[in-house]
Protein chains: 2
Amino acid sequence: MSRLAGMTAPTASTSPGKSQLLELVAALGSAQWQDFSTSAARHGLTGAQAKLLAQLKGPVPMRGLAALLVCDASNVTGIVDRLEARGLVRREPDPSDRRVKNVVATEEGQETIRRVREEMMRATGDALDAFDDEERAVLHGLLERLRTGLERRG
Amino acid sequence: MSRLAGMTAPTASTSPGKSQLLELVAALGSAQWQDFSTSAARHGLTGAQAKLLAQLKGPVPMRGLAALLVCDASNVTGIVDRLEARGLVRREPDPSDRRVKNVVATEEGQETIRRVREEMMRATGDALDAFDDEERAVLHGLLERLRTGLERRG
DNA sequence: GTTGATGCTTGAGGTCGTCAAGCAACTGGG
DNA sequence: CCCAGTTGCTTGACGACCTCAAGCATCAAC
């Protein structure tokens with residue numbers, strides 16, 4: 001029943017080593033970012049703009065966006081400016097703090113990012129068709145553990 | 001013996017779905033890129049410069065770098081210019097084609113990228129300490145399949 | 001040898017990203 | 001109340017990244 005291990009690790013002594021795993025994660029992340037950016041480009045968006053738009057499930061203050069995107073707040077100002085100029089995003093005043101501006105996606109913004117996601121699914125996601133349910137579950141579990149391992153540090 | 005599946009997929013009916021898996025890959029790739037960039041920054045390099053330097057296991061023509069980095073050739077010119085100005089890289093004429101310039105990492109360049117990799121291993125790689133040999137092997141196998149799946153498509 | 005393709009560079013133009021400085025608004029101690 | 005200190009956002013300067021169009025040198029093939 002060690003079917004997965006048997007399929008994926010030809011010899012028991014083959015322990016991949018961190019660097020190879022990290023390189024693999026890097027390659028996948030890079031390829032996915034390419035797909036995401038080109039999907040975004042088809043809708044006239046840059047990667048950074050699409051990434052910001054993807055964070056807007058609800059109203060988010062500028063400061064929160066800077067934290068989510070791990071960049072300077074002044075950088076967020078520019079990206080939101082360009083998105084707002086195209087009607088994909090709106091700045092709303094925060095009722096409880098007049099310093100804060102909450103960013104919300106407009107209807108068109110939501111529709112646009114939905115399509116970008118959809119196209120990326122067709123591009124990157126097709127590679128997942130070769131995986132059965134158990135494999136997906138195992139992969140999901142391992143990646144989830146890896147992510148939480150990355151989050152609990154600095 | 002379905003230990004892995006049992007650990008990672010609490011209920012058999014939980015099939016993660018593509019989008020969640022892709023989101024996970026994106027989060028991991030993004031976090032890793034952050035670590036890589038900040039490690040590079042400690043050595044005075046940008047992420048793009050370090051990424052280019054990481055490709056130089058041997059002499060590589062400018063055109064090849066553009067293909068590896070999936071960007072315009074004119075972009076490579078600028079990045080190599082900056083790396084060359086700091087003595088991390090050298091442009092050599094190609095003996096068989098005088099149009100071609102092969103880029104090679106200098107001793108200092110090799111040492112620098114080696115340290116960047118090392119620091120990133122300490123940052124991102126620690127999250128892999130929680131995985132035993134079988135888990136790493138399974139993860140490696142699944143990611144490898146995913147990568148080849150991504151490569152065989154325009 | 002002339003024509004066409006290829007490899008690299010240059011220049012213009014835009015986005016991304018940081019830093020320092022500035023303004024408005026919130027906050028807490030007196 | 002008031003006033004220092006903090007926080008949220010914006011602006012301006014500056015550099016790196018990135019693409020496109022154009023140009024130059026070289027190669028390849030007829």
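When reading the values below, keep in mind they use all heavy atoms of this one structure, side chains included, and skip hydrogens, waters and symmetry mates. Numbers restart at 1 for each chain; the letters A, B, ... are given by sequence-line order, proteins then strands.
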Can you measure [X] atom [atom1] to [N] atom [atom2] for me and round it to whole angstrom units?
| X | N | atom1 | atom2 | result |
| --- | --- | --- | --- | --- |
| A:Leu45 | C:dG14 | CG | C1' | 15 Å |
| A:Asp72 | D:dG8 | CG | P | 13 Å |
| B:Leu53 | D:dC17 | CG | P | 12 Å |
| B:Leu68 | D:dC18 | CG | P | 14 Å |
| A:Arg98 | D:dT7 | CZ | P | 19 Å |
| B:Leu83 | D:dG15 | CG | P | 18 Å |
| A:Asn75 | D:dT11 | CG | C1' | 14 Å |
| A:Met62 | D:dT11 | CE | C1' | 12 Å |

Would you check if the side chain of [X] reaches a backbone N or O of [Y] as a donor-acceptor pair within less than 3.5 Å?
| X | Y | answer |
| --- | --- | --- |
| B:Thr148 | B:Arg145 | yes |
| A:Arg115 | A:His43 | no |
| A:Glu135 | A:Asp132 | yes |

For this session: Please figure out whether A:Ala73 or A:Arg99 has its closest DNA chain C nucleotide nearer the 5' end.
Result: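 Closer to the 5' end of DNA chain C: A:Ala73.
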Exercise. Contact class for A:Thr77 vs. all strands (heavy atom < 4.0 Å): base, sugar-phosphate, or nothing?
Worked result: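 Result for A:Thr77 = base.
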Exercise. So what does A:Asp97 hit on the nucleic acid, given a heavy-atom distance under 4.0 Å: a base, only sugar-phosphate, or nothing?
Worked result: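 Result for A:Asp97 = sugar-phosphate.
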Please determine, for the side chain of [X], which listed nucleotide ([options]) has the closest atom?
| X | options | result |
| --- | --- | --- |
| B:Arg82 | D:dC27, C:dG7, D:dC17 | D:dC17 |
| A:Ala48 | D:dT19, D:dC9, C:dC16 | C:dC16 |
| A:Asp81 | C:dT18, D:dC9, D:dT11 | D:dT11 |
| A:Arg91 | C:dT15, D:dT19, D:dC9 | D:dC9 |
| B:Arg63 | C:dT18, D:dC9, C:dG7 | C:dG7 |

Exercise. If you pin B:Cys71 and B:Ser96 to their nearest nucleotides in DNA chain D, which one's is more 5'?
Worked result: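 The residue mapped nearer the 5' terminus is B:Cys71.
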Exercise. B:Arg90 and side chain to side chain contact (heavy atoms under 4.5 Å, CB included): which partner among B:Thr106, B:Leu83, B:Val80?
Worked result: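 Exactly one pass, corresponding to B:Thr106.
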Problem set entry | OP1 or OP2 of D:dC17 under 4.0 Å from side-chain N/O of B:Lys51 |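 No, no such contact exists.
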For this session: Check whether more than 12 heavy atoms from other residues, nucleotides or ligands sit under 6.0 Å from atom CD of B:Glu23, and answer yes or no.
Result: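 Atom CD in B:Glu23 is not crowded, with 12 or fewer foreign heavy atoms closer than 6.0 Å.
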Exercise. Any N or O donor-acceptor pair linking the side chain of B:Ser74 to the base of C:dC8 at under 3.5 Å?
Worked result: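 No pair found.
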